Structure formats: structure tokens, C-alpha cells
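Step one of this worksheet: look at the structure below.
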Protein chains: 2
Amino acid sequence: MAGDKVPSVWMRPGRQGREQPALNRAQIVAAALDLLDAQGVDALSMRKLGARLQAGATSLYTHVATKSELIELVVDEVYGEVEAPRTGDPDGWRAAVARCAASMRATILRHPWIVSVLGEAGVAYLGPNMSRLSEAMLAVFEEAGLSLEAADQAVNTVVAYVVGISASEAAWLATLARSGRSEREWAERLWPSAEHAVRDHPRLRALYAARRGRDPRGDRDGAFATGLDCVLQGLTARLAGQEANRV
Amino acid sequence: MAGDKVPSVWMRPGRQGREQPALNRAQIVAAALDLLDAQGVDALSMRKLGARLQAGATSLYTHVATKSELIELVVDEVYGEVEAPRTGDPDGWRAAVARCAASMRATILRHPWIVSVLGEAGVAYLGPNMSRLSEAMLAVFEEAGLSLEAADQAVNTVVAYVVGISASEAAWLATLARSGRSEREWAERLWPSAEHAVRDHPRLRALYAARRGRDPRGDRDGAFATGLDCVLQGLTARLAGQEANRV
DNA sequence: GGAAGATTCCGCACACTGTACGGATCTCAG
DNA sequence: CTGAGATCCGTACAGTGTGCGGAATCTTCC
């Protein structure tokens, strides 16, 4: 009877004796991030995560209330990778914002699974990293001459564009990763289906046809920058308008 | 591809007696949409969906290869609610695009769960409704004077903004719906947590404080329109630039 | 008629999920 | 030494997507 239950703590060579707690939040979040990056969103289960930490699944619940909470933590962790803009950038606010936007896009593309988690994470606006980022962008726009309300507007607009376009790119990348094929090959395979969908749509057909031979990676950066330029252009105009109103 | 069988929606009396196939794609997709709208994304399971159609769970697999495919179909169905812009709009291309964008946002807010499914749906660009929408927007931008490539750019930019901002609004609404509380009440409850997150961020604190008393619903429409105006302004500038280059 | 083949429906089973619960083991304060 | 509290985890439960095999029904051809 007594030998029935194995005191598993002893059987864990690296980890036995509890001179220190074996698990902690930061560690769990980091492992979850690893797992997500390596295997995608479907592979994140409490059991697998526990295994990766040489711990039981339910042990995690000592440090994390629920899986959703864990995901929110991971998402904020990812936001931590975004390079926030600084006020007083010698290249001007536009360059600062553009750099931040590029960093944000790169971060999302580095973690494509984040798109499928965007709904779960709900209001992650309260995480420390997201807060830091928002504050920094607000500061830059204020410095550029916008009121706080207008700066908020501007931040929301820019972030919406960046997240929107990065999400569609990331969704594409994630589908690729799931299928394990190269982009060219996959497009080739997709083509018949696309062709059908596109039968009555000459413009779409022309676009698809034009893209067939080209490397699709190359002009995505350009497309992002061009669109961002549009948004910033609009903001600049608004800024000028506000100054005009002030005078 | 589309099941061209006549909708056998009429009387299904007992459940047995199969004078006509009892299930079909369109019906399943419609029921899934209903379920999602009524109960949110967590409530969509094959078993529950089957029950709602008075069918077994695995029966659905005769008409739908996989749950992901079903979701893609539902997403395209939703896109079908978006009012596509028409060329030759008497109010000009800008108004046409703005109307379409507003319709798109309204559609997303009517189905907030779509955010949590945006990752699954992956490349839904091939659905008939999404295709129709893309083609229509391309046509409008072409009419405005853009090349096909530039029009594609423009469409992507506008859609990214609209989806991005609507997604963040929808995520908020979905969290609200999950908690079943009124927006004001929820914000009240959230406040302490927000206050902590915002301790070292004066601009964020000012924004939160300013929003405390106000009705948050009212200026969201305005915020959307303002941001969209920015984007369109930028596109207009680009259009002018292109014309200048041509001359 | 009746037989052969398709199509549709579904019960069962399997592997897997998030997490509630209660007990085991540890550390530390008194 | 005693208790309190933190931490870890085995077990269990309700629920998931879906593969499989069989049953019922419809269609087609003789």
C-alpha cells in the first residue's frame, strides 16, 4: 500500500527537494511562449506545457488562474518585444512611429499564432508591456502637436492598420506552417481552387496571375511600408489642419 | 463546389423517412451562424450544432469535411452581409469606400466572435463573398484612377484598418458579452486593475480618467470615421501624386 | 418487379482537452 | 513540536473533434 504511490518528487533528479519552489509564473509564461513558437497554437495544452516543465498539468494552476490568463500573460510578453518609439527622435515623429510600426509587424510575424489568440486575449490593454507601448506612442504624438484625445485617435488608427495587415500576413504564414510546405508550392496547389473562386472576377484573376511568377516575400515589406505611409500622411494632414484651426 | 441541391428546408416531420436529404451545407452553415451569434465561439461544437439541427454530431461530416472548413464557410457567409461598393457612385469613390467600410465594421460588430476565429479561417480570401467584395473594391479604386497593383495596395490598407479597429472593438464587446454585464459596470469593476497597470503612465491615466464619466458608445463611431478619413486622405494624396507622375 | 450501388445518417470509440478537488509533501513561524 | 500555508500532482469529470463500420434510405439499371 505504502509503495503504491510513488513520491514523484524524489524520482525527479534535477528537481527534487523543495529548497525553492520549482515553478513560477515567469518560467511558465516563457515555456508557453517557446511551445507556441515551436508548434503553434494547437499544441499549447496544459498537459504538454506541464510536461515541458517536468511538472504535472494541474501544478500550473498554482501560478496561473486559468488558461486564458496564461494566454494574456504570453501575449503581453510578446508585446514586450516591440521597440517602443522615443520622444525627441532626431528623425522626427514620423520616422519614430514608422520604426515602431515595423517592429510591431516583425514581432507579430515572428509569432504568427498570436492572431488565433487575439480574440481570447480580449482586453490585453492592461498588461504592463502593452501599457508601456501605448504610453510611448501617445507621448510621441503629443510631442508632434496633437492633443491627448487626438493622440489617442492617432495611436488607435496606426495600431489598427499595423495589427490588421500583420494579422493577415501572419494568418497566411500560419497556414503555410501548418501545411509544412513552401510558399510557392502551396500557392501552386491552391491555384485551382483560387481559379474557381475567381472565375467571374477579372481584376482578381489578373492580380493572381501577375503574382504567379514573382517572389511574394519581397514586396510584402514594401506593401506594408506604403500602406503605413498612407496612414501617416493622413495623420500629418490632420495635424496641419489642427494647427490651422488653432491659428 | 457549392451544393446546388435545392434547399430541402421544408417539413422534416419525424426524423426518419428520408424523402429528401435532411441536411445540407447551407442549412448547416446557417445553423452554425445562429449558434455563434447566440452563444459565442465556445458554444460551437459539432454535437451542439447537430442537436440544433436534430441530427447526430457525426452526420455533419457528410456535408462538411472538418470543423475548420465549416468555420471558413461561416466566415464567408458573414462577409456576404457586407455591402460592396459600386463603381460610378454619384458621391465619388471616397464616399463609396467609406460606406463599404462602415458596413464592414457594422458586420463585424454584429458578429463579434469572428475575431476569435480570424486565425482559424486562415486564408478565407477564396470564399465567393470575400472574392466579390475584393473585386468590387478593386473596381472602385481603379475607377478612381489607380493602377491594378495600386488598387490592390489601397484595398489591403483600407481593409487592414477596418478589420484592425473593428476587431479591437469586437474583442471588447465579446468580453462584455461573456461577463454579461453592462459596459459601464464592467469598466467600473476593471478600474482597480487598470489603475495599477497605469501607475507610471500619466497619459494613459489621463485618458482613462477622462473616459470615466462619458458614454463610451457615442464616440466610437466618430473615432472610426475619423481614422478612416485619415487613411482615405492618405490614399487621395497618393492618387494625386500618381497623376502628377503621369504628367 | 428486384438487385446493385450510392448516398446519407449515426452510435460507438479514441485520444485529448481544461480544470475542480483532495491529499501529499514541503517550508517556516510560533 | 505544532500548526499554517504554500506547492505539487493523481484522479476524475464533462466535454471536444472525428475515424470507422454499419444501417437505413434513395437511385439506377436490369
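Since we're looking at a predicted model, the values are computed, not measured. Residue numbering restarts at 1 for every chain, and letters A, B, ... go by the order of the sequence lines.
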Item to check | d(CG, A/Asp42; C1', D/dT18) in whole Å | outcome: 14 Å

Item to check | side chain to side chain contact (heavy atoms under 4.5 Å, CB included) partner of A/Trp113, chosen from A/Asp42, A/Val74, A/Leu118 | outcome: A/Val74

Item to check | Near-strand residues of residues 62-69 of chain A, defined as heavy-atom separation under 4.0 angstrom from DNA chain D | outcome: A/Thr62, A/His63

Item to check | Interatomic distance, A/Gln27 CD vs D/dT7 C1' [rounded to whole Å] | outcome: 13 Å

Item to check | B/Glu135 side chain vs A/Arg203 backbone, donor-acceptor pair below 3.5 Å | outcome: yes

Next on the checklist: Nearest whole Å is fine: how far is D/dG22 P from B/Tyr61 OH?
Outcome noted: 21 Å

Checklist entry - Can you find a pair of side-chain heavy atoms, one from B/Leu73 and one from B/Val64, that are under 4.5 Å apart? => result yes

Output side-chain donor-acceptor pairs under 3.5 Å for residues 103-111 of chain A, partner residues at least two apart or in another chain, one line each.
from     : atom 1 : to       : atom 2 : distance (Å)
A/Ser103 : OG     : A/Glu83  : N      : 2.9
A/Arg105 : NE     : A/Glu169 : OE2    : 3.0
A/Arg105 : NH1    : A/Asp221 : OD1    : 3.2
A/Arg105 : NH2    : A/Glu169 : OE1    : 3.0
A/Arg105 : NH2    : A/Asp221 : OD1    : 3.0
A/Thr107 : OG1    : A/Ser103 : O      : 2.8
A/Arg110 : NH1    : A/Glu81  : OE1    : 2.5
A/His111 : ND1    : A/Asp37  : OD1    : 2.6
A/His111 : ND1    : A/Asp37  : OD2    : 3.2
A/His111 : NE2    : A/Glu81  : OE1    : 2.9
A/His111 : NE2    : A/Glu81  : OE2    : 3.1

Checklist entry - Between atom CZ in B/Arg25 and atom P in C/dT8, what is the gap in whole Å? => result 12 Å

Checklist entry - Whole Å only: how far is the CE atom of A/Met46 from the P atom of D/dC9? => result 13 Å

Checklist entry - Tell me: CG of A/Leu44 to C1' of D/dT16, nearest whole Å? => result 16 Å

Checklist entry - Atom CG of B/Leu23 to atom P of D/dT25: distance rounded to whole Å? => result 16 Å

Checklist entry - What is the distance from atom CZ of B/Arg199 to atom OG of A/Ser131, rounded to the nearest 0.5 Å? => result 12.0 Å

Checklist entry - Of the nucleotides C/dG18, C/dC10, D/dC9, which has the atom closest to the B/Ala55 side chain? => result C/dC10

Checklist entry - Just by distance, do the side chain of A/Tyr61 and the backbone of A/Lys67 share a donor-acceptor pair under 3.5 Å? => result no

Checklist outcome for this item: d(A/Arg52 CZ, A/Asp34 CG) to nearest 0.5 Å is 5.5 Å

Checklist entry - How would you label the contact of B/Leu60 with the nucleic acid (heavy atoms, under 4.0 Å): base, sugar-phosphate, or nothing? => result nothing

Checklist entry - Taking atom P of C/dT17 as reference, at what distance in whole Å does atom CG of A/Leu35 sit? => result 11 Å

Please tabulate the protein-to-nucleotide N/O contacts below 3.5 Å involving nucleotides 11-16 of chain C, giving atom names and distances.
from   : atom 1 : to      : atom 2 : distance (Å)
C/dG11 : O6     : B/Thr58 : OG1    : 2.8

Next on the checklist: Could you check whether any side-chain N or O of B/Ser45 sits under 3.5 Å from a backbone N or O of B/Lys48, counting only pairs where one atom can act as donor and the other as acceptor?
Outcome noted: yes

Next on the checklist: Can you confirm whether A/Leu60 sits close enough to A/Leu53 that some side-chain heavy atom of one is under 4.5 Å from a side-chain heavy atom of the other?
Outcome noted: yes

